[in-house]
Asker: 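What follows is a single structure, and I will ask about it in a moment.
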Amino acid sequence: MTDSTAAEENWLLDEDEDEAPAASPAAPDQRLWRVLIVDDDVDVHAVTRLALRNVSFKGRELELFSAHSGREAFDILRDTPDIALVLLDVVMETDDAGLLLARRIREELHNAIVRVVLRTGQPGQAPEQRVIIEYDINDYKAKTELTTQKLFTTVISALRAYESLNMLERSRVGLGKILAGATNLYQIHSLREFASGVLNQVSAILDVGADGVLCLMQGDTGPATVVAATGGYAALAEHELMPTSHPLWPTIAKAFAEKKSQFEHPANVLFIHTQENREVAISVTPPWPLAQIQRDLLEVFCQRIAAAFDNLYMFGQLRKAQEATVVALADLAEFRDRGTGGHVRRVQALSTAIANAMAERGVYPEQLTPQLLDMIGLASILHDVGKVATPDHILLKPGIHTPEERVQMQSHAQVGQTILERAANMVDGVSYLTYGAEIAGAHHEHFDGNGYPNGLKGQEIPLSARIVAIVDVFDSLLHERPYKEPWPYPEVMTYIQARGGAQFDPEVVRSLMDVVARDPTLGQKPAPGEH
């Protein structure tokens, strides 16, 4: 046996076994460091495992994987997440199998984080300077120089570098989720939808299916209101107030009292204070204690969405102001027409119900936009706003109108459209006024083209107007008017069905039938506030 051969065979002899570190118990809720040994010599695998048997870093032991060829190693790396270190031989199934694998790791798997330490028993086969320059590897060791102590140093250095890079990558991904999540949250209008979105984003940042409960406390005092809850805490969403007997309550109360986040595993409470003096507590219970980087990311997220809570509140106030304005306009038109008391409120409710029923059936998917579904109810209130221009002697006439009076009466459609279009042009984008103008101008058009004011036909009539057209007639027939007595409910339904395809869009007729089938009293009971 030559000296060099003996040196290669003894490349992992303990240099100073007394100084080998004692094994540290791994925390039960932390993952092991994953290390892949790639070598075609089974003895190398055995002796490497022996040398690393007691190695731990930051309380986490090693989990060793073995591959005996470059191809096998590639498959393991592709299918196994979180491998921190590859101890890689050069010469295996081919003279450059290890070098080829190093390149495939970076270029095909796009894994820039895993640390690659090249170990070779034949340095001349892969000269160090050329390999370091041409390949993205992190260390180069000849097997003859790797004693147990030096292998330990190499492994710990690689794990420390991997941890740093992994934290940077998690931070980058987490910040990306924060930016994307916060942007999406600004598009949510409902406070409960917004709160649910917040919990989903927190779970995404933590990369776990975390349970959560979000509580909103108005001002400096008062009870904690449950706004949204997920997972195992979903039942809390049924409570208006957070039960003080709940195990999470002490930590939530502490967050509110100290006005700062609390990290007391398993309860973690994120505290948010907005400029509008609203205090929010988000409680999450991941399966393991949050790492510092996760805490930092969550704090950044909380700062980001604090403004979103305020914007949501201001948006809600603006929306209420818009709704109040629309209702005032409708009340103004309805005030003179005393026989239509409650009509516009019933039209609002039924128009919304029909639009949603059509969406459930998948009817007119391109026309039933989210904006239309959201706004048609309120916009429908404005369908008769043009009646403000109709003289009292015509509007309130109990008998049949003369041809001249009928022309003047019918002009309310064009008047309403003109008024609302002028107002809609003062607002960017689509608004209640946009749909209100469509509805006011076209809700007396007929599907067969025999309506007024423009004789529109079929799809030429805006969908919003086709919906309100049938609702307006349905409700008018059911209730008393100056010129008529209320019709019996069966006669109204017969009339509506008979007019499908002529006066009304058949798809809207079908949806009306579906809606009233679910609630046969719909349209017959008073609208809210009607006496």
Asker: Take Gln262 and Phe271 through the test side-chain contact (heavy atoms from CB on, under 4.5 Å) and record every step on the way to the result.
Answerer: CA-CA 8 Å; Gln262 306 292 323; Phe271 178 78; over 6 Å; no
Asker: Any side-chain heavy atom of Lys387 sitting closer than 4.5 Å to one from Met409?
Answerer: yes
Asker: Report the distance from atom NZ of Lys457 to atom CD1 of Ile461, rounding to the nearest 0.5 Å.
Answerer: 10.5 Å
Asker: So, are Lys260 and Glu279 salt-bridged, with charged N and O less than 4.0 Å apart?
Answerer: no
Asker: Using distance alone, with no hydrogens and no angle criterion, decide if Arg361 and Ser511 have a side-chain donor and acceptor under 3.5 Å apart.
Answerer: yes
Asker: Side-chain contact test, heavy atoms from C-beta onward, threshold under 4.5 Å: evaluate it for Ile470 versus Asp505 and give yes or no.
Answerer: no
Asker: Can you tell me how far apart CD (Glu264) and OG1 (Thr251) are? Round to the nearest 0.5 Å.
Answerer: 4.5 Å
Asker: Do Glu445 and Pro453 come within less than 4.5 Å of each other through their side chains, counting heavy atoms only?
Answerer: yes
Asker: Under a 4.5 Å cut-off applied to non-hydrogen side-chain atoms, are Met242 and Leu248 in contact?
Answerer: yes
Asker: Is Glu491 close to Tyr495 at the side-chain level, that is, under 4.5 Å between some pair of heavy atoms?
Answerer: no
Asker: Looking at Arg510, I want to see if its CZ is surrounded by more than 12 non-hydrogen atoms of other residues, nucleotides or ligands under 6.0 Å.
Answerer: no
Asker: Find out whether Phe447 and Gln503 are in side-chain contact, i.e. whether some heavy atom of one side chain is under 4.5 Å from a heavy atom of the other.
Answerer: no
Asker: Start with the C-alpha gap between Phe504 and His446, add the side-chain angles, then the distance that decides, and say whether ring-ring contact (aromatic ring centres under 6.0 Å, His included) holds.
Answerer: CA-CA 6 Å; Phe504 307 123; His446 289 187; 7.3 Å; no
Asker: Any carboxylate oxygen within less than 4.0 angstrom of a Lys/Arg side-chain nitrogen, looking at Arg346 and Asp475?
Answerer: yes
Asker: Indicate whether the side chain of Glu240 and that of Thr225 have a donor and an acceptor atom separated by less than 3.5 Å.
Answerer: no
Asker: Quick check: closest heavy atoms across Val114 and Arg106, and the distance to 0.1 Å?
Answerer: O-NH1, 2.9 Å
Asker: Between Thr285 and Tyr233, is there a side-chain heavy-atom distance shorter than 4.5 Å?
Answerer: yes
Asker: Can you check side-chain contact (heavy atoms from CB on, under 4.5 Å) on Leu512 and Leu350, steps first, answer last?
Answerer: CA-CA 8 Å; Leu512 172 65; Leu350 191 52; 4.0 Å; yes
Asker: For Tyr435 and Leu372, which heavy atoms make the closest approach, and how far apart are they?
Answerer: OH-N, 3.5 Å
Asker: Hey, does the side chain of Glu405 reach the backbone of Thr402 with a donor-acceptor pair shorter than 3.5 angstrom?
Answerer: yes
Asker: Within 45° of the six-membered ring axis of Tyr364 and under 6.0 Å from that ring's centre, is NZ or CZ of Arg466 located there?
Answerer: yes
Asker: What is the distance from atom CG of Asp472 to atom CD1 of Ile439, rounded to the nearest 0.5 Å?
Answerer: 10.5 Å
Asker: At their closest point, which heavy atom of Ser380 faces which heavy atom of Val468, and how far apart are they?
Answerer: CB-CG2, 3.7 Å
Asker: Just wondering, more than 12 heavy atoms not from Glu238 lying within 6.0 Å of its CD?
Answerer: no
Asker: To the nearest 0.5 Å, tell me how far Leu477 CG sits from Glu485 CD.
Answerer: 13.0 Å
Asker: Given the rule in the side-chain contact (heavy atoms from CB on, under 4.5 Å) test, do Ile76 and Ile83 qualify, once you have shown the distances and angles that lead to the verdict?
Answerer: CA-CA 9 Å; Ile76 292 175; Ile83 290 181; 4.0 Å; yes
Asker: Would you check, one step at a time, whether the test side-chain contact (heavy atoms from CB on, under 4.5 Å) holds for Ile354 with Val471?
Answerer: CA-CA 9 Å; Ile354 290 176; Val471 174; 3.5 Å; yes
Asker: Would you say the side chain of Ile467 lies within less than 4.5 Å of the side chain of Met358, judging by non-hydrogen atoms?
Answerer: yes
Asker: Can you tell me how far apart CD1 (Ile113) and CG (Asp82) are? Round to the nearest 0.5 Å.
Answerer: 9.0 Å
Asker: Which distance, rounded to the nearest 0.5 Å, do you find between the CG of Leu433 and the CD1 of Ile419?
Answerer: 11.5 Å
Asker: Heavy atoms only: give me the nearest Gly500-Val509 pair and the separation to one decimal.
Answerer: CA-CG2, 3.9 Å
Asker: Parallel, tilted or perpendicular: which describes the rings of His444 and Tyr452, with under 30° parallel and over 60° perpendicular?
Answerer: parallel
Asker: Heavy atoms only: give me the nearest Pro243-Trp249 pair and the separation to one decimal.
Answerer: O-CB, 3.8 Å
Asker: We want to know whether Glu438 and Ser464 form a side-chain donor-acceptor pair, criterion being a heavy-atom distance below 3.5 angstrom.
Answerer: yes
Asker: Can you see which heavy atom on Leu236 is nearest to which on Ala229, and at what distance?
Answerer: CB-CB, 4.1 Å
Asker: Report yes or no: is the cationic atom of Arg104 (NZ for Lys, CZ for Arg) closer than 6.0 Å to the six-membered ring centre of Phe74, at no more than 45° off its axis?
Answerer: yes
Asker: Is the side chain of Ser351 donor-acceptor paired with the backbone N or O of Gln348 at a distance under 3.5 Å, no angle test?
Answerer: no
